[in-house]
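So the structure is just underneath, and the comments pick up after that.
Each residue takes its place number in the sequence, starting with 1. Any value given below was found using the heavy atoms of this structure, including those in side chains, with hydrogens, waters and symmetry copies removed.
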Amino acid sequence: MPKLNLPTMNRRAFVIGTAAVGSGLALGLDIPFGGPAAVRAADGSPEVNAWVVIQPDDTVVIRIARSEMGQGTLTGLAQLVAEELECDWSKVTTEFPSPGQNVARKRVWGDFSTGGSRGIRTSQDYVRKGGAAARVMLIEAAANEWKVPAAECIAANSVITHQPSGKTTTFGKVAEAAAKLTPPADVKLKDPKDWKLAGKGLKRLDTPDKVVGKTVYGIDVKLPGMLNAAIKDCPVTGGRLKSYDEAKIAGMKGVKKVVKVGDTAVAVVADTFWHAKTALDALPIVWDEGENAKVSSASIAKWLSEGLEGGQAYVGNSNGDVNTALAGAVKKVEAVYSYPYQNHAAMEPLNATALYTQDKCEVWCGTQNGEAAFAAVLEASELPADKCDVHKLMLGGGFGRRGQTDYVRQAVLIAKQMPGTPIKLLWTREEDMTHGRYHPITQCKMTAGFDADNNLTALHMRVSGQSIQFTLRPEGLINGMDPSTFQGLAPKGDATFGYSVPNLLIDHSMRNPHIIPGFWRGVNVNHNALYVESFMDEMAHAVSQDPLEFRRKLMKDHPKNLAVLEAVAEKIGWGKPAPQGVYRGLAQYMGFGSYVAAAAEISVTDGSKVKVLRIVAATDPGYAVNPAQIERQVAGSFVYGLTGLFYGGCTVKDGAIEQTNFDTYNSMRINEMPKVEAIVMPSGGFWGGVGEPTICVAAPAVLNAYFAATGKRIRSVPLRDQNITFA
């Protein structure tokens with residue numbers, strides 16, 4: 001294997017290297033797969049390599065570096081390793097290595113970040129090589145025992161066979177010897193057409209424990225002598241904690257300590273969470289909310305609106321001469337759209353349990369980025385990397401929010417003030433809702449020009465609003481521009497604009513209110529798709545053309561986009577009369593390396609009560625590791641997308657988010673859910689994401705159907721603000 005040239009990792013270097021808490025590390029390392037000396041798992045079983053532990057009874061433990069939050073990445077990655085390993089799937093189990101172990105072993109497991117639909121697509125190559133390398137080592141160990149050439153041996157279903165003699169042995173019997181071998185310098189991976197486990201809709205490995213309540217989430221952690229903490233941070237971002245009167249709660253039941261947390265928060269530690277919360281609610285707190293307390297939704301909207309008209313803008317995609325083409329257009333169409341803040345609102349509120357002593361700090365939590373959480377522990381504890389670790393647990397929802405580490409840092413800062421005592425910090429629902437990392441707020445102005453034959457000749461799209469990278473990952477900016485703002489609008493890459501327009505200009509007027517934005521599931525493709533696909537519908541109707549035919553003319557150079565669009569159109573029956581009272585809408589997009597489309601059927605009562613009857617959704621992710629899981633992710637993405645369309649949207653008053661719980665930030669119910677028909681159509685040759693892409697086509701497909709039903713064009717969401725509800 002290539003030699004690693006890694007610097008000695010001290011606390012400061014690691015924290016600086018992981019400053020991009022939402023993105024993980026990108027050091028470009030060659031991933032090693034073990035060494036000549038056997039490494040042992042906790043139960044004493046030998047590691048064949050870092051990815052594969054095999055127990056004497058042939059149980060195969062596959063290490064999963066990415067996080068599992070319900071999206072199915074754990075099972076998909078296990079399938080890829082098992083496929084190359086040629087093991088018995090019925091004996092496969094999994095475990096999470098810790099970020100501390102990863103650093104100690106020179107990042108043998110690579111990137112721990114799980115977001116941007118990257119869990120499988122950016123690690124598939126090296127995890128498959130991990131499985132293949134382990135298979136080669138097991139075969140070599142058996143061949144050495146038999147004193148035969150390894151080339152004469154094959155592995156299948158955890159059994160190694162010497163083909164000429166028919167001798168057999170099992171993985172468990174040769175694992176010890178295999179673990180001591182030098183790993184192969186290079187391994188050949190299977191052609192996906194030869195897959196036997198990958199590519200199949202296997203049942204998820206994590207479901208049985210969840211069904212019987214065996215799964216441990218962060219909120220379930222219990223340690224001997226553990227105390228519980230509740231916290232309140234300044235309700236206005238940028239504000240500070242001014243004072244609190246600890247004496248007022250000194251005699252309250254169960255209270256152990258009141259602690260200041262940084263410059264902005266105060267926490268109460270008690271024997272139970274309820275006692276901690278009750279005391280915290282009774283604690284008199286004075287905040288210095290600062291200038292940001294003057295900000296409201298109206299002031300933000302006004303500021304963003306000003307960005308739509310002229311001024312500096314970052315150009316993300318352009319060709320031709322838009323200004324000249326628009327000036328000479330025979331017909332113009334113009335519209336302004338807007339998209340609000342959205343909250344992640346995971347069912348499990350943020351939490352972390354920390355145990356701090358002067359020479360060690362451990363944290364137990366659900367995280368989408370184990371290495372970023374580890375970096376937060378190092379920074380807050382001020383201990384070196386070899387004295388810290390993070391124990392990753394299943395996530396009760398993430399959707400991008402648990403890629404951040406503010407709650408981990410808080411837990412450590414509290415635990416430092418009570419050394420030797422485990423402290424479980426649990427955010428209340430109100431704290432979770434009002435201190436989120438929200439889907440960025442934007443507005444968009446689109447102007448289109450047509451010639452005398454109603455051909456689209458020019459399109460100018462100006463987005464005004466927040467940049468996630470500016471706030472969370474400033475190092476991700478390119479000459480001040482945030483490339484992620486142009487997801488689905490870019491000229492190339494894994495979120496390419498799916499239409500060819502002779503004269504095109506897509507730019508961004510960056511305006512960053514104090515509300516902290518974040519990577520909300522689907523991220524920028526959500527609002528960008530709503531803008532583009534709704535306006536495509538507007539343009540088609542403005543020139544009296546069928547929305548599908550109008551798109552087709554612009555998609556000749558985008559065959560994969562067109563393929564998914566035509567797939568949903570055909571299955572929904574586009575071009576054929578819909579049932580009485582049923583109306584249809586279309587949308588297509590590219591995001592996270594995948595091509596997606598949706599066709600919706602709805603009915604509308606009294607102009608304001610909408611029943612989403614059916615959605616047909618197509619996804620081309622290149623390769624489909626678990627088609628059944630993809631279908632479930634597609635269906636789940638519409639829960640998220642339709643919830644955002646009908647119920648989502650966070651507003652700002654006196655500088656703070658107004659929605660504090662599910663009574664003011666609703667989620668769609670089962671009876672509101674449409675029938676979802678997923679078409680999984682992998683075309684091969686690339687690896688796209690699954691968990692996030694199809695969210696973005698939910699809203700525009702339904703909005704376009706709503707226009708077909710009512711003749712009214714909706715250009716801002718949520719629909720609750722238009723007095724439009726589920727029927």
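- Side-chain atoms of Q545 and N454 include no donor-acceptor pair closer than 3.5 Å.
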Next on the checklist: Please determine whether ring-ring contact (aromatic ring centres under 6.0 Å, His included) holds for the pair F646 and F726, giving the CA-CA distance in whole Å, both sets of side-chain angles, and the decisive distance to 0.1 Å.
Outcome noted: CA-CA 8 Å; F646 280 86; F726 282 111; 3.8 Å; yes
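- Side chain to side chain, S683 and D620 meet the donor-acceptor criterion of an N or O pair below 3.5 Å.
- Judged by the 6.0 Å and 45° rule, R521 forms no cation-pi pair with F399.
- The closest side-chain donor-acceptor pair between S637 and R632, if any, does not fall under 3.5 angstrom.
- At a threshold of 4.0 Å, the pair R552-D546 does not count as salt-bridged, since none of the basic side-chain nitrogens sits closer than that to a carboxylate oxygen.
- For G366 against L395, the heavy-atom pair with the smallest separation is CA-CD1, 3.8 Å.
- Counting only N and O atoms by type, the side chains of Q342 and Y665 include a donor and acceptor under 3.5 Å apart.
- Taking the six-membered ring where tryptophan is involved, the planes of Y339 and H439 are tilted, since the angle between them lies from 30° to 60°.
- Under the side chain to side chain donor-acceptor pair (under 3.5 Å) rule, R66 has a single partner from T122, N369, T114, which is T122.
- Smallest separation of non-hydrogen atoms from K492 and T496: C-OG1, 3.2 Å.
- The shortest non-hydrogen separation linking Y583 to A708 is CD2-O, 3.5 Å.
- Without hydrogens or angle criteria, Y438 side chain to G436 main chain gives a donor-acceptor distance under 3.5 Å.
- Note on ring orientation: taking the six-membered ring where Trp is involved, the planes of Y595 and F686 are perpendicular (angle over 60°, cut-offs 30° and 60°).
- With salt bridges taken as basic N to acidic carboxylate O contacts below 4.0 Å, none links K214 and D206.
- Salt bridge annotation for R614-E677: present, with a cationic side-chain nitrogen under 4.0 angstrom from a carboxylate oxygen.
- With F96 as the aromatic partner, K392 meets the cation-pi criteria of under 6.0 angstrom to the ring centre and within 45 degrees of the ring axis.
- By the neighbour-count criterion of 12 heavy atoms within 6.0 Å, atom NZ of K203 is sparsely surrounded, having that number or fewer from other residues, nucleotides or ligands.
- At a threshold of 4.5 Å between non-hydrogen side-chain atoms, the residues Q588 and V596 do not count as touching.
- Donor-acceptor pairing under 3.5 Å is lacking for the side chains of Q659 and N343.
- S464 and Q443 are not linked by any side-chain donor-acceptor pair at a separation below 3.5 angstrom, with hydrogens and angles left out of the test.
- Counting heavy atoms of neighbouring residues, nucleotides and ligands inside a 6.0 Å radius, atom CD of E570 does not exceed 12 of them.
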Checklist entry - Step by step, would you call S117 with Q71 a side-chain hydrogen bond (donor to acceptor under 3.5 Å, both in side chains)? => result CA-CA 10 Å; S117 282; Q71 82 280 28; over 6 Å; no
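- Electrostatic pairing of R473 and D482 does not count as a salt bridge here, judged by no charged N lying under 4.0 Å from a carboxylate O.
- With 3.5 Å as the limit, one finds a donor-acceptor pair spanning the side chains of S113 and R118.
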Item to check | Audit row: F497, Y499, ring-ring contact (aromatic ring centres under 6.0 Å, His included) steps and yes/no | outcome: CA-CA 6 Å; F497 189 58; Y499 300 100; 5.7 Å; yes
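- Contact detail for N351 and G218: the closest heavy-atom pair is OD1-C, 3.0 Å.
- No more than 12 heavy atoms of other residues, nucleotides or ligands shown are found within 6.0 angstrom of NZ on K675.
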Item to check | Step-by-step side-chain hydrogen bond (donor to acceptor under 3.5 Å, both in side chains) determination, Q368 to S67 | outcome: CA-CA 6 Å; Q368 289 181 241; S67 299; over 6 Å; no
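- Under 3.5 Å, the side chains of Q469 and S467 contain no donor-acceptor pair of N or O atoms.
- Inspection of the Y647 and E672 side chains reveals an N or O donor paired with an N or O acceptor under 3.5 Å.
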Checklist entry - Could you go step by step and tell me if D507 and V463 meet the side chain to side chain contact (heavy atoms under 4.5 Å, CB included) rule? => result CA-CA 6 Å; D507 54 15; V463 177; over 6 Å; no
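- The pair R402-E348 counts as a salt bridge, with a side-chain nitrogen and a carboxylate oxygen less than 4.0 angstrom apart.
- Side-chain N/O atoms of Q466 and Y341 include a donor and acceptor closer than 3.5 Å.
- At a threshold of 4.0 Å, the pair E566-K571 does not count as salt-bridged, since none of the basic side-chain nitrogens sits closer than that to a carboxylate oxygen.
- There is no side-chain donor-acceptor pair under 3.5 Å between Q487 and Y589.
- Y337 and T442 form no side-chain donor-acceptor contact under 3.5 Å, judged by distance and modelled atom types alone.
- The pair R204-E68 meets the salt-bridge criterion, since a charged nitrogen lies less than 4.0 angstrom from a carboxylate oxygen.
- Annotation for P340 and I441: closest pair CA-CG1, 4.1 Å, computed over non-hydrogen atoms.
- Using a 4.0 Å cut-off between charged side-chain N and carboxylate O, D432 and R401 make no salt bridge.
- Contact check for S123 versus L77: side-chain heavy atoms found under the 4.5 Å cut-off.
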Next on the checklist: Applying side chain to side chain contact (heavy atoms under 4.5 Å, CB included) to V634 and T619, what does each step give before you reach the verdict?
Outcome noted: CA-CA 8 Å; V634 169; T619 300; 3.7 Å; yes
